[in-house]
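Reading through the structure tokens given below for one structure.
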Amino acid sequence: MGFHSVLTTAQRLVAERTPPGSTVIDATAGGGVDTLFLARTVGPGGRVYAFDVQEEALARTRARLQEAAARGSVAGALGEATLLHAGHEEMAALIPAELHGRIGAVMFNLGYLPGGPGGASPGDVPGPVITKPDTTLAALDAALRLLAPGGIATVVVYPGHEGGRDEAAAVDAWIALLPDETAQALLYRFPKRPASPYLYALEKK
Ligand code: SAH
């Protein structure tokens, strides 16, 4: 059957430790798959903040949430979602101060929006919409500060494309320097597929 994908594994790790009613963050809304997953996980009493720098990504995410809400009785009720057209490196400034230290989960899915204007599909124009090392590391620092003790951050890293390789190296180095007292770190990776995405998970202490 094969092992679970990195994206499925990220969701499973989050679902296992995120009770209904939690406040959580999708740091890279993209197509909205994780935003919808988080909205389902936290349920009606919970709240999701989703960040993206691309209006196109937020529109796709909004559409996905609306579609799921319209199918409500099958899918279960969704938590309230706040979509923020802003970089995740600004999350500490944009998430209300009273929630700092109380966030249950932060999910990152790095790289570019497939099929988006910065995507790598034929005909796509490369744009500034790929996640970048400096802002990614700033956001990871902020995420750790916002998390509650026992909260989880997941980071899906894409080493298989040009800019992605540098970003993956930057995240690897950041994890290597992360003090053991701050968080427990997990790496989920397919070593025979070195160009495939891999997952870090951090549980804040
Ligand atoms: N690589 C994944 C999808 C990642 S989508 C896949 O293949 O399925 C990554 C999203 O991050 C994109 O929608 C992009 O617009 C967004 N992004 C880029 N820089 C960002 C930043 N600084 N803050 C928040 N989102 C950002």
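Counting starts at 1 for both ligands and their atoms, in listed order.
For ligand 1, the atoms sitting less than 4.0 Å from at least one non-hydrogen atom of Ala27 are 24 (C), 25 (N), numbered in the order shown with element in parentheses. Applying the 4.0 Å criterion to heavy atoms of Gln54 picks out, from ligand 1, the atoms 12 (C), 13 (O), 14 (C), 15 (O). Taking every non-hydrogen atom of Gly111 and a distance limit under 4.0 Å, the qualifying atoms of ligand 1 come out as 9 (C). Interface of Val129 with ligand 1, defined as ligand atoms under 4.0 Å from a residue heavy atom, comprises 14 (C), 15 (O), 17 (N), 18 (C). Atom numbering of ligand 1 starts at 1 in the shown order; those under 4.0 Å from a heavy atom of Ala57 are 13 (O).
To the nearest 0.5 Å, atom CZ of residue Phe108 and atom OG1 of residue Thr136 are 7.5 Å apart.
Here atom 1 (N) of ligand 1 lies nearest to Leu110 when heavy atoms of Asn109, Val156, Leu110 are compared. Among Asp52, Thr28, Thr135, the residue whose heavy atom lies nearest to atom 16 (C) of ligand 1 is Asp52.
In the model, Arg145 has no side-chain atom that pairs as donor or acceptor with a side-chain atom of His100 under 3.5 Å.
Within the 3.5 Å criterion, the main-chain N or O of Gly31 finds a donor-acceptor partner in the side chain of Arg64. Under a 3.5 Å cut-off, the side chain of Lys204 and the backbone N or O of Leu144 do form a donor-acceptor pair.
Between Phe3 and Phe190, the ring planes are tilted. Angles from 30° to 60° get that label.
Every residue two or more places apart in sequence or in another chain that forms a side chain to side chain contact (heavy atoms under 4.5 Å, CB included) with Ala50 is listed here: Asp26, Ala29, Thr35, Leu83.
At a heavy-atom distance under 4.0 Å, only side-chain atoms of Tyr158, from C-beta outward, approach ligand 1. Of all the heavy atoms of Glu89, the ones lying under 4.0 Å from any atom of ligand 1 belong exclusively to the side chain.
Between His85 and Phe51, the distance separating the two ring centers is not shorter than 6.0 angstrom.
Ligand 1 lies out of reach of Pro197, whose nearest heavy atom is not under 4.0 Å from it.
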